Number of protein chains: 2
Amino acid sequence: MKDVAAIAGVSVSTVSRVINNAIPVGARTRELVEQAIGEVNYRPNLLASGLRSKSGNLIGLAVPEIGHQSFDTFIKYIEEYARANKYGLILGDIQNDADGEADFIDQLIRRNVDGIIFIRVSDESRALEMLNSTTIPYVVLDRGASTATAPTVVMDNHQAGRLAAEHLIALGHRDVACVTGPLNVSLCRDRLDGFTQTVSAAGLRLLRHDIHESDFRFESGVKLVPALLERGPPVTALWAQNDLMAIGIMAGLKDHGLSVPRDVSVIGVDDIVSCRMLRPQLTTVRQPFREMSRAAVELLLRESALGERISEKIAIPTELVVRQSTAPPRDVRSQCQRVLSTVETLKSVAEEVR
Amino acid sequence: MKDVAAIAGVSVSTVSRVINNAIPVGARTRELVEQAIGEVNYRPNLLASGLRSKSGNLIGLAVPEIGHQSFDTFIKYIEEYARANKYGLILGDIQNDADGEADFIDQLIRRNVDGIIFIRVSDESRALEMLNSTTIPYVVLDRGASTATAPTVVMDNHQAGRLAAEHLIALGHRDVACVTGPLNVSLCRDRLDGFTQTVSAAGLRLLRHDIHESDFRFESGVKLVPALLERGPPVTALWAQNDLMAIGIMAGLKDHGLSVPRDVSVIGVDDIVSCRMLRPQLTTVRQPFREMSRAAVELLLRESALGERISEKIAIPTELVVRQSTAPPRDVRSQCQRVLSTVETLKSVAEEVR
DNA sequence: ACGTGTTACGCAATCGTTTTCAGACCATAG
DNA sequence: CTATGGTCTGAAAACGATTGCGTAACACGT
């Protein structure tokens with residue numbers, strides 16, 4: 001910067017003003033300085049500027065686990081919106097480790113970040129209290145537990161449950177079950193409420209043992225299938241509170257020789273990219289990743305500009321994405337008919353081959 | 001820091017020495033200072049320390065696209081190893097946009113990062129030349145093109161092609177095809193070479209029109225299926241150079257009423273998490289994500305410590321992961337047998353139902 | 001008693017910016 | 001011609017750490 005100043009024949013203050021295009025600087029001078037900047041290929045040092053001006057144009061993002069498709073989608077969009085606003089993104093994987101999280105937050109504080117986005121803070125997290133002793137803004141995306149007063153962006157989880165239920169009811173299902181995430185996290189309860197309310201308003205009964213609490217993981221979906229099947233009169237439709245479990249359930253059903261959606265319909269939540277890669281493609285309730293990410297970044301930047309926390313709660317509406325994994329419940333009579341005609345076809349083919 | 005010094009009754013220099021536990025500092029003094037640090041809950045400012053000492057303990061990661069399972073897996077492990085070494089990770093999504101990339105690199109240079117990891121630099125990338133005019137170390141992971149002299153970490157792509165071919169040959173396939181990524185990126189050529197060499201060494205012929213060049217995307221796999229089927233004598237096995245395309249092909253085959261692995265075997269490369277979520281589960285050649293990430297971070301840190309570029313090329317060995325999507329080629333006679341017995345079963349079931 | 005070496009610590013400069021304050025310059029109005 | 005005000009620019013003090021250099025204190029051998 002000193003070099004630039006020397007070349008342009010001005011002082012460093014002026015150079016600084018040109019860079020941040022502050023107002024009181026003459027057109028001729030500005031031109032001179034800009035030329036000098038180009039000449040030495042000068043890049044202002046963000047550490048120094050951050051140190052002095054208290055803003056390094058950097059935000060932090062804490063995710064529960066990198067490599068989960070839904071979190072990764074958030075990362076993608078948050079990076080996009082952050083960059084669009086000239087902010088850098090520093091990423092941390094929490095991995096369900098409260099100490100690791102504390103370390104990460106500590107690092108962010110020490111780096112003087114302009115704000116922090118959390119995806120789903122856990123119960124044992126000390127992060128928010130750490131931050132409350134500072135002035136650093138934060139927002140919680142896809143909220144977990146115990147974030148009563150925090151600025152928050154979520155999808156409309158109640159609506160999500162309702163949409164799933166309405167879809168199954170409209171298809172004619174009378175006997176449904178559901179698989180939830182951990183019920184100590186509020187978004188799971190919200191989704192469940194929306195589902196059960198709609199279901200019972202339609203006159204169906206959702207029995208206690210048809211609500212299975214699980215943990216959002218694919219393998220858990222697979223492992224749940226035997227329990228699902230062993231119940232007396234089988235359900236004809238199943239709602240999982242996220243796609244990963246839904247996909248697990250579909251895999252498990254297939255392993256047991258059952259067919260989706262003929263034998264049972266399956267519907268999820270999220271609309272991760274895998275949904276379209278399966279056969280049948282998964283019907284699901286879309287999580288508005290892009291809109292949520294955008295809202296989170298904007299809320300954060302608003303807090304940052306304002307200089308104080310905005311304890312706002314934003315809920316983004318959802319929508320149903322109908323694909324191939326849901327269908328009307330099977331009807332024994334027509335089923336039987338189909339089997340018989342298939343038999344005839346097969347028989348003639350086989351004879352011919354022989 | 002001044003406060004801490006005042007409380008402990010020492011100078012700031014001493015406090016600094018305690019923090020970086022430099023050697024010449026008395027045990028008693030150290031204790032005093034540490035106590036003072038705890039008292040005011042002091043956190044050293046990383047911007048200031050970075051500014052002065054020229055190392056902010058930060059590395060940059062440029063990925064071609066967040067949200068691709070394989071890249072996300074790299075992100076996960078790189079974050080893990082970076083953090084294990086007390087480094088922060090700042091993430092950028094390039095999205096095939098050379099200008100965006102240049103912006104990101106510029107930002108990193110200005111932040112004085114200790115190093116940069118690239119996943120797959122593209123052809124039009126100006127990033128490497130930008131960096132060559134600085135002293136910032138970098139390493140290229142899963143290399144693309146034109147990185148002749150750059151420090152590089154790759155999987156053993158030739159071996160990957162060989163393993164895939166060997167597996168199919170061992171199963172008894174004589175008529176195979178393959179779907180590649182863009183052949184102007186070297187790793188695709190390497191994989192292909194390994195495959196074709198092994199195949200022809202075994203006496204099979206891989207015809208020119210059985211090598212389909214594609215672009216690593218799921219949809220491309222789906223769309224390729226008609227072309228695959230319309231060729232005269234059908235192939236019995238298919239190798240895709242990544243899992244996403246392999247999965248697309250499996251979906252496309254299913255859409256055309258064909259069954260994997262009964263009608264055709266499919267094998268991929270990568271071992272992304274989705275492989276286990278499908279039915280049939282995808283047989284594949286594993287990309288050693290974890291090992292590669294680790295090697296990249298370590299190489300970077302070595303360069304950083306040494307203060308100069310190490311133009312080393314590290315190739316990590318691969319392994320085959322056999323799952324459900326590959327099987328011996330179908331045999332018309334036994335196939336026919338199976339159909340006949342199925343017919344009998346169905347018939348009796350149907351009669352019973354009626 | 002003195003030189004010599006070692007260890008522990010403080011002073012002050014420094015990293016590369018931003019920002020306050022004051023001064024220079026010019027135009028306009030009185 | 002002088003007061004007044006506005007616009008532009010420069011000097012210098014921060015920001016919060018690290019670090020080279022100097023010095024006090026102490027132990028040791030002579």
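Computed over heavy atoms, backbone and side chain alike; hydrogens, waters and symmetry mates excluded. In this text the structure is predicted, and so the values were computed from the model without any measurement. Here is how names work: the chains are called A, B, and so on, in the same order as the sequence lines, proteins then strands, and each is numbered from 1.
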Distance criterion of 3.5 Å, no angle test: do you see the side chain of A:Arg43 paired donor-to-acceptor with the base of C:dG16?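 Result: no qualifying N/O pair found.
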Taking donor-acceptor contacts at under 3.5 Å, does the side chain of A:Arg52 reach the base of D:dG16?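 Side chain to base: no pair below 3.5 Å.
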With a 4.0 Å cut-off on heavy atoms, is [X] in touch with a base, just the backbone sugar-phosphate, or nothing at all?
X       : value
A:Ser16 : base
B:Thr14 : sugar-phosphate
B:Val15 : nothing

Check this for me: does any side-chain nitrogen of one of [X] and [Y] sit under 4.0 Å from a carboxylate oxygen of the other?
X        : Y        : value
B:Asp99  : B:Arg126 : yes
A:Glu298 : A:Arg294 : yes
B:Arg83  : B:Glu79  : yes
B:Lys76  : B:Glu80  : no

Between B:Ile19 and A:Arg28, who's closer to the 5' end of DNA chain D by nearest nucleotide?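 Whichever sits nearer the 5' end wins; that is A:Arg28.
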Residues in side chain to side chain donor-acceptor pair (under 3.5 Å) with B:Asn157, at least two apart?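 Here the qualifying residues are B:Arg191.
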So, is A:Asn20 near the phosphate of C:dT18, with a side-chain N or O under 4.0 Å from OP1 or OP2?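 Yes, such a contact exists.
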Under 4.0 angstrom between B:Ser11 side-chain N/O and C:dG10 OP1 or OP2: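 Answer yes for this pair, as a side-chain N or O of B:Ser11 is under 4.0 Å from OP1 or OP2.
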What is the distance, rounded to the nearest whole Å, between atom [atom1] of [X] and atom [atom2] of [N]?
X       : N      : atom1 : atom2 : result
A:Leu46 : C:dT17 : CG    : P     : 9 Å
B:Arg17 : D:dA17 : CZ    : P     : 15 Å
A:Leu51 : D:dA14 : CG    : P     : 14 Å
A:Tyr42 : C:dG16 : OH    : P     : 10 Å
A:Asn21 : C:dT18 : CG    : C1'   : 14 Å
B:Met1  : D:dT19 : CE    : P     : 11 Å
A:Asn45 : C:dT17 : CG    : P     : 5 Å
A:Leu47 : C:dT18 : CG    : C1'   : 15 Å

5'-most contact on DNA chain C: B:Lys54 or B:Thr29, nearest heavy atom basis?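 Whichever sits nearer the 5' end wins; that is B:Thr29.
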5'-most contact on DNA chain C: A:Lys2 or A:Ser13, nearest heavy atom basis?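 Its nearest nucleotide lies further toward 5', so the answer is A:Lys2.
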